[in-house]
Protein chains: 2
Amino acid sequence: MENLSKELIGASSIPIILSILSKNESYGYEIIQRIKELSEGKINYADGTLYPVLHKLEKKELIEAYWKVAETGRRRKYYRIKSKGKKELAREQENWITINTIISKLWNIEPRLT
Amino acid sequence: MENLSKELIGASSIPIILSILSKNESYGYEIIQRIKELSEGKINYADGTLYPVLHKLEKKELIEAYWKVAETGRRRKYYRIKSKGKKELAREQENWITINTIISKLWNIEPRLT
DNA sequence: TGTTATACTTAGAACTTCTATGTATATTGA
DNA sequence: TCAATATACATAGAAGTTCTAAGTATAACA
C-alpha cells in the first residue's frame, strides 16, 4: 500500500468503512473504489484485504449483508450498517478526536476534529 | 488500555514517542508518565508494552540510548532521537495529515491538521 | 474470443503486540 | 526498621491480527 503506514491504515479502516456505509449501502468492490477515490489513490485496498474486514464487521454485527443482482446482471453482496455499527462508529469518532487532541498538543497545532 | 482502541493506540504510539523525544531526551518510565499526562489518563502504557517499542525504534536506528545515573542514584536508560528518527517523524506527520483529511471529508469536518 | 474489469472467498503465512514474569533499588510512612 | 510502594528496565512466548496468494465466476470490451 503506497507510502501510508500499515498501522495508520489499519487503525482507520474500520471507521472509514463504517462511515461510508453510514451514508449508503454498498458492496466490497465499490467500497474499495470509494476509498481509493477519497484518498486520491493513496489507499488502495487489495480485495483480499478488504473482504475479510467486512466479514469481521458482519460477525460482530456492526453491519449486515444481503445479495442483490445489479442491473448489469452481476450479483453483489451489499452491506448496510446496523445500529450497533452506528454506535461503534460514534465511539471510533470520539477516539479519533482524543488521539488528535494529544497529537495536536505535541505538534503545536490546533486540533479541529472536535 | 481504558477505552481507546488498540489499533489507534498502536498507530499513534510511534509518532507520539518520536515527538516526545524530538523535544527532550527521556527514558522509558518518564515517557509512560508523559503520555498518561498528555492523554489525561486515557492512554496508560504498561511498561512491558512500551519498552519493546523503544527497543524496536533503537534497532531501526531512529533513536539511540545511553545509560545515565540520575541525581537520585537510580540508573536510567535515556533515549535521544537520531536524524533518521526525525525524518521518520516528518513522514508520520504527513501520513497523519493524509488520513485526517480523508476522515474529515467523510465526517464533514474541516481538517485543521494541515 | 481473448483480455480486462468486476465481484467475492478463504487458508494459512507472516507479522505484531502485549501479558506475565523477572530483576533491582529508592522512597515513604507506619 | 522494615514493609509497601514507586521507580526502572528486560524479555520469552502466548495470543492475536492482517494480508498474500490462490481460487472461482461472469460481464464488458476490443
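Because only heavy atoms are used, hydrogens play no part in the values below, and waters and symmetry mates are left out as well, while side chains stay in. Reminder, nothing fancy here: chain letters follow the sequence lines and each chain counts from 1. On a predicted model such as this, the values are computed, not experimentally measured, just so you know.
For D/dC9, one of the phosphate oxygens OP1 or OP2 lies less than 4.0 angstrom from a side-chain nitrogen or oxygen of B/Y51.
For A/Q93, there are no side chain to side chain donor-acceptor pair (under 3.5 Å) partners two or more places apart in sequence or in a different chain. Scanning for side-chain contact (heavy atoms from CB on, under 4.5 Å) contacts around A/A65 gives A/E58, A/K77, A/Y79, with sequence neighbours left out. Remark: A/S19 pairs with B/W107 by the side chain to side chain donor-acceptor pair (under 3.5 Å) rule, at least two apart or across chains. Evaluation of the ring pair (Phe, Tyr, Trp, His ring centres under 6.0 Å) rule for B/Y27 yields B/Y78 as partners, not counting sequence neighbours. Considering only residues two or more places apart in sequence or on other chains, B/D47 meets the side-chain contact (heavy atoms from CB on, under 4.5 Å) condition with B/I32, B/Y51. Every side chain to side chain donor-acceptor pair (under 3.5 Å) that A/E37 has, sequence neighbours left out, goes to A/R34. For A/E88, the side chain to side chain donor-acceptor pair (under 3.5 Å) criterion is met by A/R91, not counting sequence neighbours. Judged as a salt bridge (charged side-chain N to carboxylate O under 4.0 Å, His left out), and not counting sequence neighbours, A/E71 has no contacts.
Counting to the nearest Å, the C1' atom of C/dT19 and the OH atom of B/Y45 are 15 Å from each other. As a whole-Å value, the separation of A/I9 CD1 from D/dT18 P is 13 Å. In this structure, the NZ atom of A/K6 is 8 Å from the P atom of C/dT16, given to the nearest Å. In this structure, OH of B/Y78 is placed 12 Å from C1' of D/dT7, rounded to the nearest angstrom. In this entry the distance linking CZ of B/R75 with P of C/dA24 reads 11 Å, nearest Å. Taking atom CG of residue A/L8 and atom C1' of nucleotide D/dT18, one finds them 16 Å apart after rounding to whole Å. Following rounding to the nearest Å, B/R76 (CZ) and C/dA26 (P) show an atom-to-atom distance of 12 Å. We find that CG of B/L50 is positioned 14 Å from P of D/dA8, with the value rounded to whole Å.
Taking the side chain of A/T72 as heavy atoms from C-beta on, and the options C/dC18, C/dA26, D/dA28, the nearest nucleotide is D/dA28.
Counting heavy atoms from C-beta outward, B/L62 and B/I81 have side chains that stay 4.5 Å or more apart.
Evaluation of the salt bridge (Lys or Arg N to Asp or Glu O under 4.0 Å) test over residues 9-30 of chain B, restricted to residues two or more places apart or in two chains, returns B/E25-B/R80.
Using a 4.0 Å cut-off on heavy atoms, the residues of residues 18-40 of chain A that approach DNA chain C are A/Y27, A/G28, A/Y29, listed by number. Contacts between residues 54-70 of chain A and DNA chain C, counted as heavy-atom distances below 4.0 Å, involve A/H55, A/W67.
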Could you walk me through whether A/K105 and B/E40 satisfy the salt bridge (Lys or Arg N to Asp or Glu O under 4.0 Å) test, starting with their C-alpha distance in whole Å, then the side-chain angles of each, then the deciding distance to 0.1 Å, before giving a yes or no? CA-CA 12 Å; A/K105 278 184 206 162; B/E40 283 152 28; 3.5 Å; yes

Per-nucleotide protein contact string for nucleotides 21-26 of chain D (B base, S sugar-phosphate only, - none; heavy atom under 4.0 Å): B----B

